[in-house]
Amino acid sequence: MCTPGAVSPAVTQANLKWTICRKGGYTAGIRLSTSVTGKEKELNAVCYGFTGRMGDAEYDHLISLRLGVTPTTTATTTTGPPH
């Protein structure tokens, strides 16, 4: 499966102030390390048919981390040429 999307169950209407709207930022605290995303990027590239250099590829969330996507799934990511 390439990309349907998956939102984080940890982000709800009731806790927006302490999750995605918190001062100091939300994404820095949930973003995965490149040691994890590098491997995912290569696997994801195959799914999307990207055949260029991985150094030139964008690995991006289709639903922004700032909107409460779960960072631990490849269901919301895509690999392709830079924007």
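In what follows, residues are counted from 1 in the order of the sequence shown. Just so you know, these numbers use all the heavy atoms, side chains as well, and skip hydrogens, waters and symmetry mates.
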Sorted by chain and number, sequence neighbours left out, side chain to side chain donor-acceptor pair (under 3.5 Å) with Thr19 holds for Asn15
Taking salt bridge (charged side-chain N to carboxylate O under 4.0 Å, His left out) as the cut-off, I'd like each qualifying pair that reaches into residues 11-20, sequence neighbours left out, listed once. none
According to salt bridge (charged side-chain N to carboxylate O under 4.0 Å, His left out), does anything in residues 41-55 pair up with another residue at least two apart or in another chain? List the pairs. Arg53-Asp56
Could you list the donor-acceptor pairs under 3.5 angstrom formed by side chains in residues 25-32, with sequence neighbours left out?
none

Ser33 meets the side chain to side chain donor-acceptor pair (under 3.5 Å) criterion, sequence neighbours left out, with Ser35
For Thr34, the side chain to side chain donor-acceptor pair (under 3.5 Å) test, sequence neighbours excluded, returns none
